[in-house]
S.K.: 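Quick one: this structure, given as structure tokens, is what I'll be asking you about.
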Number of protein chains: 2
Amino acid sequence: MSEKNMPLRDAGPKNTGFGQCPVMTSLAVIGGKWKPAILYFLQQHGVLRFGELRKVVPGITQKMLSQQLKELETDGIIVRRVYAEIPPRVEYRLSTLGESLRPMLDAMASWGMDYLRRG
Amino acid sequence: MSEKNMPLRDAGPKNTGFGQCPVMTSLAVIGGKWKPAILYFLQQHGVLRFGELRKVVPGITQKMLSQQLKELETDGIIVRRVYAEIPPRVEYRLSTLGESLRPMLDAMASWGMDYLRRG
DNA sequence: TCAGGTAGGTACCTAAAAGTAACCAATGTT
DNA sequence: AACATTGGTTACTTTTAGGTACCTACCTGA
């Protein structure tokens, strides 16, 4: 991942070398409070502008949204397209790599769903 | 999940109600720095004592290990078996629910592996 | 009586994630 | 000249996760 947004990632003074662990790698890319929601809505809508994402992701702030989008872009999960217009227009969509998350996210959603029902 | 170990879970003063989101639910159960490793080694070894887990999970401290084990037990993922012996002997293993994590963890490992290779 | 072995627990601290509020830039409109 | 619009950024604060170091209980054997 992007190096500059590691620590979900491998917290603490002593890095124990979990950057090598594939599961931790996935966690580092899609983990956190907002990324699953962002990815979900991009999957549903295809393309969304910054302001649209802000409306559609419940409760997210401007700061968190732009920060998370930047990380997702750096990690190659989404594509950012800027139009040379005023007022600015910026569109976000999943990259091919981002679309490849689908089976994993489905597996997570499926297990989580079962867990919520039966516990 | 266990209520008393929520916030990977839904951080911050304003809970936006993501306890409803299945993906966040899964993240809450298996997320964090140590749980993937603990689950991995329990999957590999079947049954492990506290001290064995401590040796086998690289870098984990006593505190983090017992804390994470307690959360996993509360969430129904692992089973804790105490023997009435001195010195104490406590064994941990995956529950049926814990074993049901397999496809999800495999999907995460698989995506993470690909990501590490091609990025 | 005292050290060894096992499975914890506690108080305290640091670091990372997330939240709050305010600010900026560019231009078309009033 | 002021204002609205859009997509940000920045400084600061709060909340949560994780780390360090040390403590306990219990029985056995020396």
Side-chain angles (χ1 to χ4, degrees), chain A residues 1-16 18 24 27-38 48-73 78 80-92, chain B residues 1-16 18 24 27-38 48-73 78 80-92:
Chain A
M1 333 89 259
S2 43
E3 303 299 325
K4 262 299 123 184
N5 56 336
M6 278 283 306
L8 230 187
R9 302 192 131 172
D10 205 349
K14 270 175 197 153
N15 189 310
T16 42
F18 280 166
M24 290 300 281
L27 243 29
V29 172
I30 64 138
K33 184 174 178 182
W34 300 111
K35 283 175 187 172
I38 293 171
L48 287 172
R49 298 181 54 170
F50 184 87
E52 291 172 329
L53 271 165
R54 205 152 83 88
K55 277 168 207 150
V56 88
V57 178
I60 199 169
T61 61
Q62 220 162 19
K63 178 201 157 189
M64 289 312 292
L65 180 55
S66 70
Q67 179 180 116
Q68 303 301 299
L69 288 171
K70 196 181 297 178
E71 290 182 9
L72 288 169
E73 193 200 0
I78 63 174
R80 181 172 180 267
R81 181 169 183 187
V82 188
Y83 292 81
E85 299 176 4
I86 294 290
R89 170 213 275 255
V90 182
E91 286 181 352
Y92 294 90
Chain B
M1 343 76 281
S2 44
E3 303 297 326
K4 261 300 127 185
N5 57 336
M6 277 285 305
L8 232 187
R9 298 177 142 204
D10 203 349
K14 270 173 196 152
N15 188 309
T16 42
F18 280 166
M24 290 300 281
L27 243 29
V29 173
I30 64 139
K33 184 176 176 180
W34 300 108
K35 283 177 187 171
I38 292 171
L48 286 173
R49 298 180 56 170
F50 185 86
E52 290 172 331
L53 271 164
R54 205 152 83 88
K55 276 168 209 152
V56 88
V57 177
I60 198 166
T61 61
Q62 221 161 20
K63 179 200 159 190
M64 289 312 292
L65 180 56
S66 70
Q67 181 181 114
Q68 303 301 300
L69 288 171
K70 196 181 295 178
E71 290 182 9
L72 288 169
E73 193 199 0
I78 63 174
R80 181 172 180 268
R81 181 169 181 185
V82 188
Y83 292 81
E85 300 176 1
I86 293 290
R89 169 214 276 253
V90 182
E91 287 180 352
Y92 294 90

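Chain naming here is simple, since letters A, B, ... match the order of the sequence lines and numbering starts at 1 in each. In what follows, every heavy atom counts, from backbone to side chain, and hydrogens, waters and symmetry copies are set aside.
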S.K.: By the 4.0 Å heavy-atom rule, please label B:Arg54 as base, sugar-phosphate, or nothing.
M.R.: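 Result for B:Arg54 = nothing.
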S.K.: Please confirm whether the shortest side-chain N or O distance from B:Arg80 to OP1 or OP2 of C:dG8 is below 4.0 Å.
M.R.: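 Looking at the OP1 and OP2 atoms of C:dG8, one of them is under 4.0 Å from a side-chain N or O of B:Arg80.
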S.K.: Specify the separation, in whole Å, of atom CD1 of A:Ile78 and atom C1' of D:dG7.
M.R.: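 Interatomic distance, CD1 of A:Ile78 to C1' of D:dG7: 14 Å.
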S.K.: Check this one for me: any side-chain N or O of B:Arg89 less than 4.0 Å away from OP1 or OP2 of C:dA7?
M.R.: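 False: B:Arg89 side-chain N/O out of range (4.0 Å or more) of C:dA7 OP1/OP2.
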S.K.: Below 3.5 Å, does any donor atom in the side chain of B:Gln67 face an acceptor in the base of D:dG18, or the other way round?
M.R.: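 Counting by modelled atom types and ignoring angles, no donor-acceptor contact under 3.5 Å is found here.
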S.K.: Can you see whether A:Tyr92 engages A:Glu52 through a side-chain donor-acceptor pair at a distance of less than 3.5 angstrom?
M.R.: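 Absent: no donor and acceptor within the cut-off.
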S.K.: Answer with base, sugar-phosphate or nothing: what part of the nucleic acid does B:Tyr92 contact at a heavy-atom distance below 4.0 Å?
M.R.: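 Since only primed, P, OP1 and OP2 atoms lie under 4.0 Å of B:Tyr92, the category is sugar-phosphate.
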S.K.: Which is more 5' along DNA chain C, the nucleotide nearest B:Pro88 or the one nearest A:Gln62? Just name the residue.
M.R.: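 Taking each residue's closest nucleotide, the earlier one in sequence belongs to B:Pro88.
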S.K.: Could you check if a side-chain atom of B:Ser66 sits within less than 4.5 angstrom of a side-chain atom of B:Phe50, using non-hydrogen atoms only?
M.R.: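 They are in side-chain contact.
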S.K.: Which sits closer to the 5' end of DNA chain C, B:Glu91 or A:Thr61, going by the nucleotide each is nearest to?
M.R.: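 Per heavy-atom nearest nucleotide, the more 5' residue is B:Glu91.
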S.K.: Hey, does A:Leu53 have a side-chain heavy atom less than 4.5 Å from the side chain of A:Leu69?
M.R.: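 Contact flag for A:Leu69/A:Leu53 side chains = yes.
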S.K.: Measure the spacing between CD1 of B:Ile30 and CG of B:Leu72 and express it to the nearest 0.5 Å.
M.R.: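 One finds 10.0 Å between CD1 of B:Ile30 and CG of B:Leu72.
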S.K.: What is the separation between atom CD on B:Glu85 and atom P on C:dA7, rounded to the nearest whole Å?
M.R.: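 Taking CD of B:Glu85 and P of C:dA7, I get 10 Å after rounding.
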S.K.: For A:Gln68 and D:dG8, what is the distance between atoms CD and P respectively, to the nearest whole Å?
M.R.: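 Atom CD in A:Gln68 sits about 14 Å away from atom P in D:dG8.
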S.K.: Write down the distance between CH2 (B:Trp34) and P (C:dA16), rounded to a whole number of angstrom.
M.R.: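 Result: 14 Å.
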S.K.: Does the side chain of A:Lys33 get closer than 4.0 angstrom to OP1 or OP2 of D:dT16 through an N or O atom?
M.R.: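 No, no such contact exists.
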S.K.: Rounded to whole Å, please give me the gap between CE in A:Met64 and C1' in D:dC12.
M.R.: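 So the CE-C1' distance, A:Met64 to D:dC12, works out to 15 Å.
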S.K.: Using atom CG of B:Leu65 as one end and atom C1' of C:dG8 as the other, report the distance to the nearest whole Å.
M.R.: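 For the pair B:Leu65 CG and C:dG8 C1', the rounded distance is 10 Å.
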S.K.: What's the closest nucleotide to the side chain of A:Ile86 if the choices are D:dG19, C:dA18, C:dA26?
M.R.: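 Side chain of A:Ile86 sits closest to C:dA26.
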S.K.: Report the nucleotide, chosen from D:dT9, C:dG5, D:dG18, that has the shortest atom-to-atom distance to any side-chain atom of A:Lys70.
M.R.: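 Between D:dT9, C:dG5, D:dG18, the one nearest the side chain of A:Lys70 would be D:dT9.
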S.K.: Between A:Ser66 and D:dT9, is there a contact of a side-chain N or O with OP1 or OP2 at under 4.0 Å?
M.R.: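 So the side-chain polar atoms of A:Ser66 do come within 4.0 Å of the phosphate oxygens OP1 or OP2 of D:dT9, strictly under.
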S.K.: State whether A:Arg49 places a side-chain N or O below 4.0 Å from either non-bridging phosphate oxygen (OP1 or OP2) of D:dG7.
M.R.: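 For D:dG7, OP1/OP2 do have a side-chain N/O of A:Arg49 under 4.0 Å.
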S.K.: CD/B:Gln67 to OG1/B:Thr61 distance, rounded to the nearest 0.5 angstrom?
M.R.: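 Rounded to the nearest 0.5 Å, the CD-OG1 separation comes to 8.5 Å.
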S.K.: Between D:dA17 atom P and A:Met24 atom CE, what is the distance in whole Å?
M.R.: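 So the CE-P distance, A:Met24 to D:dA17, works out to 14 Å.
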S.K.: Do B:Arg81 and B:Arg89 have side-chain heavy atoms sitting under 4.5 Å apart?
M.R.: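 B:Arg81 vs B:Arg89: side chains apart.
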S.K.: Using heavy-atom distances to pick each residue's nearest nucleotide on DNA chain D, tell me which of A:Glu52 and A:Lys63 is more 5'.
M.R.: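 Whichever sits nearer the 5' end wins; that is A:Glu52.
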S.K.: Tell me the interatomic distance from B:Glu71, atom CD, to C:dG8, atom C1', rounded to whole angstroms.
M.R.: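 That distance rounds to 16 Å.
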